[in-house]
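Naming convention: chains lettered A, B, ... in sequence-line order (proteins, then strands); numbering from 1 in each chain.
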Number of protein chains: 2
Amino acid sequence: MDKIDLKLISLLQKNARFSLKQLAEQVFLSSPAVSSRIERLEKEGYIIGYQAQIDEERLGYHIKAFINLEMTPKQKPTFYPFISECPNVLECNCVTGQYSMLIKVAFASTQELDMFIGKLQKFGNTQTQIVFSTAVRPRGIQVGDVERLEQE
Amino acid sequence: MDKIDLKLISLLQKNARFSLKQLAEQVFLSSPAVSSRIERLEKEGYIIGYQAQIDEERLGYHIKAFINLEMTPKQKPTFYPFISECPNVLECNCVTGQYSMLIKVAFASTQELDMFIGKLQKFGNTQTQIVFSTAVRPRGIQVGDVERLEQE
DNA sequence: GATGAAACAGCCGAGCT
DNA sequence: AGCTCGGCTGTTTCATC
């Protein structure tokens, strides 16, 4: 994990479809060298995958929201499979505080959102925050400028 | 926007580095046809970009958190540029409820997180939820199974 | 990590349905 | 109009240094 690895990560965060040649030019290496570095970064778990970012709004999912779900730990075994199968769930984290799960969702309408929240009731109380607008779109940690060259 | 477009979107969400040929095989079209469809999806704003997903934990950012920030609307013009420049901010949304901004961040330690929260105080009160674990990693809306073929 | 050759994929045109 | 096919160009991969 050196500066070049971080630069490659940063470039792939900007555009995962850069060709090896384009990447090679920007880090002043040959394409085979870049290829083997990326392979290593994938194998060692730094790079989890490459995802196309979709505009949910453009696809008709106009309502985005964060749902706080108050849940007892013993429900986790049934909750986890359920939540990961929901196509409208964009992210779900277990967090500190009164509400134990924080779920990000996208729906076509408030009606659909309401129905989903209804389904969640069997797990516990919910509190919902609807998204008005997005100041910073989901993105990775910005590694370009920082000097964090640990051997992790 | 037909079934094939949705299938392409779904495939690129799974792996943005699929080659045109690989995509073509899976939708039973030729690669030029796939190429022009993707070009159109990008131009029309369905596909915003392609991002490598990084394991922040693996890079040493062990603390992830959601910060609720209570802020008056008049502070937005100074807050927006500030928040989008922070390399540790993974996402930021304006939401309904008592807390007007919901900010997702990643830091190497609770100390750094604490310092950041300190900096936010000049905008308003905060309430922080630290992430214990992730049930569903950030992902796009799952379009594969649903029948949402509107001309949006 | 670099170089060169071979395999491969992507791009642009023409012709077809 | 959009899809498929063929040729050229550029990219990736492998062997060698």
Just do the ring-ring contact (aromatic ring centres under 6.0 Å, His included) check on A:F107 and A:Y61 with the steps written out, would you? CA-CA 5 Å; A:F107 283 96; A:Y61 298 88; 8.1 Å; no
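At a threshold of 4.0 Å, the pair B:D2-B:R37 counts as salt-bridged, since one of the basic side-chain nitrogens sits closer than that to a carboxylate oxygen.
Put simply, the side chain of B:R139 never gets that close to the backbone of A:P87: no donor and acceptor are under 3.5 Å apart. Remark: side-chain polar atoms of A:E85 are not paired, donor with acceptor, to backbone N or O of A:F82 under 3.5 angstrom.
Inspection of the B:Q142 and B:S10 side chains reveals no N or O donor paired with an N or O acceptor under 3.5 Å. With 3.5 Å as the limit, one finds a donor-acceptor pair spanning the side chains of A:N93 and A:E91. Using modelled atom types and a 3.5 Å distance limit, the side chains of B:E70 and B:N68 yield no donor-acceptor pair. No hydrogens or angles considered: a donor-acceptor pair under 3.5 Å links the side chains of B:Y50 and B:E42. A donor-acceptor contact closer than 3.5 angstrom is absent between the side chains of B:Y80 and B:Q75.
Between its two ends, the helix from C:dG1-D:dC17 to C:dT17-D:dA1 turns its axis by 30°, counting five pairs per end and rounding to 10 degrees.
Atom CD1 of A:I38 and atom C1' of C:dG1 are 15 Å apart (whole Å). Taking atom CD of residue B:E25 and atom C1' of nucleotide C:dG10, one finds them 14 Å apart after rounding to whole Å. Rounded to whole angstrom, the span from the CZ atom of B:F18 across to the P atom of C:dA9 amounts to 14 Å.
The one candidate from B:E56, B:Q129, B:E57 that meets the side-chain hydrogen bond (donor to acceptor under 3.5 Å, both in side chains) condition with B:K64 is B:E56.
For DNA chain D, the span of nucleotides reached by chain A at under 4.0 Å from its heavy atoms goes, 5' to 3', from D:dT11 to D:dC14.
A:V34 and A:F18 fall within a single hydrophobic cluster, where Ile, Leu, Val, Met, Phe, Trp and Tyr are joined by side-chain heavy atoms under 4.5 Å apart, directly or via other members.
Ranked by how close their nearest DNA chain C nucleotide is to the 5' end, A:S36 and A:R17 are led by A:S36.
A:R37 comes within 4.0 angstrom of the backbone, heavy atoms only, and of no base.
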Dump every N/O contact between nucleotides 2-4 of chain C and the protein below 3.5 Å, one line per pair.
from	atom 1	to	atom 2	distance (Å)
C:dA2	OP2	A:S30	N	2.9
C:dA2	OP2	A:S30	OG	2.9

